[in-house]
Amino acid sequence: MSTPSDTIKLDPSWKEALSSEFSKDYMRNLKVFLKQQKDNRKVIFPKGNEYFQALDLTPIDKVKIVILGQDPYHGPGQAHGLCFSVRPDVPIPPSLRNIYKEMEQDLDIHQPAHGFLNSWAEQGVLLLNSVLTVEQNKAGSHQGRGWELFTDKIIETLNDRHDGLVFMLWGSYAQKKGAVIDRDRHLVLQSPHPSPLSAHRGFFGNQHFSTANTYLEQQKKTAINWLLPENP
């Protein structure tokens, strides 16, 4: 007998772990909401085949680090399913620019000329937004529709199934969402958000990139190469 997850295009490892979620009421209601939005000719970001891009690029057993964002970018051409990341030909957003500044200070590597973070995801950095869709030019427009429950389940699954993960929780929203994480089994790094409004209150100088790599090596895992390719 088919189940609601049978029609979902998703990395097999995550599909197995999350299959029960697709038959729950909140996910059915979310699907109806998204269909209504499209029927009403609303422009939704990212594209439908990129809703689960973070999961597709970072299978569940490959996850080493989790960076939590909030909502996708709501401007045309920006969002492609990874938090903080934009397509290669799109201007680098301010928060990502600050992430690069901290990365340069922490690791002494030059800042990339683009904002495309796929290489991090492919190495095991799960770039997960709490909400996976947004209406064009309407920040936060899909909050409270069910995505938060789905991404809570992702965090819960990683917390339960793995040991020795690194969770980077930047800002109060991410820190509240990450409250379920077992600090005895995982490394939780917290600081203010990299937004220009808060980065100077403690994001700059947090040394999360080097701290994460040191921890991964202590766990006998390969460190992340944070230096992005020049031509993605």
Side-chain angles (χ1 to χ4, degrees), residues 11 13-14 17-18 53-71 81-85 95-96 98-109 111-112 117-132 148-195 198-228:
D11 169 79
S13 69
W14 282 110
L18 302 171
Q53 182 80 327
L55 304 179
D56 289 335
L57 289 178
T58 315
I60 192 168
D61 292 330
K62 302 293 185 183
V63 177
K64 299 177 182 177
I65 295 176
V66 181
I67 297 178
L68 283 180
Q70 189 166 350
D71 294 280
L82 306 182
C83 72
F84 294 107
S85 182
S95 290
L96 183 55
N98 285 339
I99 290 170
Y100 287 171
K101 289 178 181 177
E102 171 56 27
M103 188 175 71
E104 181 179 46
Q105 179 181 336
D106 185 16
L107 301 175
D108 194 27
I109 57 178
Q111 297 182 36
L117 305 182
N118 271 36
S119 74
W120 291 1
E122 290 164 354
Q123 293 179 74
V125 182
L126 182 64
L127 295 163
L128 181 68
N129 275 318
S130 176
V131 178
L132 301 188
E148 294 93 339
L149 296 173
F150 183 70
T151 51
D152 281 347
K153 182 63 177 181
I154 292 171
I155 295 168
E156 177 187 321
T157 299
L158 289 169
N159 179 65
D160 293 345
R161 288 197 180 194
H162 289 280
D163 288 303
L165 298 182
V166 181
F167 291 84
M168 294 184 178
L169 307 180
W170 299 333
S172 58
Y173 183 93
Q175 289 159 20
K176 182 177 180 181
K177 192 171 182 69
V180 67
I181 301 162
D182 185 345
R183 267 69 170 172
D184 293 328
R185 293 173 38 240
H186 305 287
L187 176 64
V188 177
L189 301 175
Q190 299 187 168
S191 82
H193 194 275
S195 161
S198 57
H200 291 279
R201 297 205 303 264
F203 178 80
F204 291 136
N206 66 23
Q207 299 185 326
H208 282 184
F209 300 101
S210 60
T211 302
N213 274 353
T214 297
Y215 180 79
L216 290 178
E217 290 170 345
Q218 291 170 347
Q219 300 292 316
K220 309 300 182 186
K221 299 177 183 179
T222 304
I224 301 300
N225 177 11
W226 295 103
L227 181 62
L228 292 164

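Remember, predicted model here, so these are calculated numbers, not experimental data.
- Remark: the backbone N or O of N159 is paired with a side-chain donor or acceptor of H186 at under 3.5 angstrom.
- In this structure, N98 and F203 approach most closely via the heavy-atom pair O-CE2, 3.6 Å.
- Side-chain contact between I181 and V66 is absent, with no heavy-atom pair separated by less than 4.5 Å.
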Could you go through the side-chain contact (heavy atoms from CB on, under 4.5 Å) check for Q219 and D163 one step at a time? CA-CA 9 Å; Q219 300 292 316; D163 288 303; 5.7 Å; no
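- For the pair P194 and A199, the tightest heavy-atom approach, listed with the atom from each and the gap, is O-CB, 3.6 Å.
- To the nearest 0.5 Å, atom CE of residue M103 and atom NE2 of residue H208 are 15.0 Å apart.
- Nearest approach of L169 to G178, heavy atoms of both residues: CD1-CA, 4.0 Å.
- In this structure a side-chain-to-backbone donor-acceptor pair under 3.5 Å is present from E102 to G205.
- If you take CG on L57 and CG on N118, they are separated by 5.0 Å, rounding to the nearest 0.5 Å.
- The shortest side-chain heavy-atom distance between W170 and I67 falls under the 4.5 Å cut-off.
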For Y215 and L189, run side-chain contact (heavy atoms from CB on, under 4.5 Å): C-alpha distance rounded to whole Å, both residues' side-chain angles, the deciding distance at 0.1 Å, then the answer. CA-CA 11 Å; Y215 180 79; L189 301 175; over 6 Å; no
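- Ring centroids of F84 and W120 are separated by 6.0 Å or more, keeping the two rings apart.
- Salt-bridge check for E156 with K153: passed, with a basic side-chain N closer than 4.0 Å to an acidic carboxylate O.
- Remark: I155 CD1 to L68 CG distance equals 4.5 Å, nearest 0.5 Å.
- In this structure, the side chains of W226 and N213 come closer than 4.5 Å at one or more pairs of heavy atoms.
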Distance-only criterion, 3.5 Å: show the donor-acceptor pairs between side-chain atoms of residues 123-131 and protein atoms not counting sequence neighbours.
residue	atom	partner	partner atom	Å
Q123	OE1	N225	N	2.8
Q123	NE2	S119	O	3.1
Q123	NE2	N225	O	3.0
N129	OD1	Q70	N	3.2
S130	OG	Y173	OH	2.9
S130	OG	K177	NZ	3.3

Between L165 and K221, is the side-chain contact (heavy atoms from CB on, under 4.5 Å) condition met? List the steps. CA-CA 10 Å; L165 298 182; K221 299 177 183 179; 4.1 Å; yes
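- Between the CZ atom of R201 and the OG atom of S195 there is a distance of 8.5 Å, given to the nearest 0.5 Å.
- Checked against side-chain contact (heavy atoms from CB on, under 4.5 Å), R161 has the following partners two or more places apart in sequence or in another chain: E16, A17, I60, T157.
- A side-chain donor-acceptor contact under 3.5 Å links Q175 to the backbone of S191.
- Residue I65 holds its CD1 atom at 11.0 Å from CZ of F167, rounded to the nearest 0.5 Å.
- With hydrogens and angles disregarded, a donor-acceptor distance shorter than 3.5 Å links the side chain of T58 to the backbone of A121.
- Two residues are said to be in side-chain contact when any heavy atoms from C-beta on lie closer than 4.5 Å; I154 and L55 meet this criterion.
- Looking only at distances, a side-chain donor or acceptor of S198 sits under 3.5 Å from a matching main-chain atom of H193.
- Atoms CG and CD, on N206 and Q105 in that order, are 9.0 Å from each other to the nearest 0.5 Å.
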